[in-house]
Visitor: 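I am attaching a structure below and will ask some questions about it afterwards.
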Amino acid sequence: MALEALKGERTLAELAQRHDVHPNQITPWKAQLLERAADVFGAPHSPSQPPVDRKALHAKIGELTLENDFLEGALIKAGMLSAKR
């Protein structure tokens, strides 16, 4: 819709009626498009967070799984947890 408003082929009133929005909403969308359109084609932004180390995450998952299995077995032997799940 903002792109249509930039093209200027229709009035804001026509666009608003066509897309069932208030005409006053189109103007800010048009301004946002003008301000941010270059970001689409600009240099990629560097991620704010470091990349995820999948090996470390998989190792942690394995470690936690082993701990859970051990604790579950200990609780079953102590009679504090039913063997049925």
Side-chain angles (χ1 to χ4, degrees):
M1 183 180 338
L3 190 57
E4 288 181 82
L6 279 177
K7 288 180 183 177
E9 296 171 353
R10 293 189 171 89
T11 66
L12 291 181
E14 291 172 335
L15 289 173
Q17 183 178 10
R18 180 175 181 204
H19 295 284
D20 195 29
V21 296
H22 195 276
N24 291 341
Q25 186 59 50
I26 297 174
T27 303
W29 289 341
K30 182 179 170 182
Q32 287 175 2
L33 177 61
L34 287 172
E35 290 172 9
R36 299 180 187 163
D39 293 343
V40 173
F41 301 104
H45 298 285
S46 61
S48 60
Q49 297 178 353
V52 175
D53 183 6
R54 289 183 182 231
K55 274 189 163 185
L57 290 176
H58 284 125
K60 188 64 175 179
I61 290 169
E63 179 184 328
L64 294 173
T65 301
L66 284 174
E67 287 178 14
N68 283 340
D69 291 345
F70 173 80
L71 292 172
E72 181 183 19
L75 288 173
I76 289 172
K77 285 180 184 177
M80 299 176 74
L81 185 67
S82 172
K84 295 181 182 177
R85 280 195 156 222

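These values consider heavy atoms only, across backbone and side chains, with no hydrogens, waters or symmetry-generated copies.
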Visitor: Do Leu64 and Lys60 touch side chain to side chain, with heavy atoms closer than 4.5 Å?
Guide: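 A side-chain contact exists here, since the closest heavy-atom pair is under 4.5 Å.
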Visitor: First locate atom CG of Leu12, then atom NZ of Lys30, and finally report the distance between them rounded to the nearest 0.5 Å.
Guide: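 So the CG of Leu12 and the NZ of Lys30 are separated by 6.5 Å.
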Visitor: Could you list the donor-acceptor pairs under 3.5 angstrom formed between side-chain atoms of residues 17-24 and any protein atom two or more places apart in sequence or on another chain?
Guide:
| from | atom 1 | to | atom 2 | distance (Å) |
| --- | --- | --- | --- | --- |
| Arg18 | NH1 | Glu4 | OE1 | 2.7 |
| His19 | NE2 | Glu4 | OE2 | 2.8 |
| His22 | ND1 | Asn24 | N | 3.1 |

Visitor: Any chance you could measure Glu14, atom CD, to Ile26, atom CD1, to the nearest 0.5 Å?
Guide: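 The distance works out to 10.5 Å.
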Visitor: Other members of the hydrophobic cluster containing Leu66, with the 4.5 Å side-chain heavy-atom rule, please.
Guide: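 Listed partners: none, Leu66 stands alone.
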Visitor: Do Leu15 and Trp29 land in one hydrophobic cluster if side-chain heavy atoms of ILVMFWY residues count as linked below 4.5 Å?
Guide: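 Cluster IDs for Leu15 and Trp29 match.
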Visitor: Got a second to check how far Gln32's CD is from Thr27's OG1, nearest 0.5 Å?
Guide: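 OG1 of Thr27 is found 11.5 Å from CD of Gln32.
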Visitor: Might you point out which heavy atoms bring Leu6 and Leu33 nearest each other, and give the distance in Å?
Guide: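 Heavy atoms of Leu6 and Leu33 come nearest at CD1-CD2, 3.2 Å.
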Visitor: Below 4.5 Å, heavy atoms only, C-beta onward: do Leu75 and Glu72 meet side chain to side chain?
Guide: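 Counting from C-beta outward, Leu75 and Glu72 never come under 4.5 Å.
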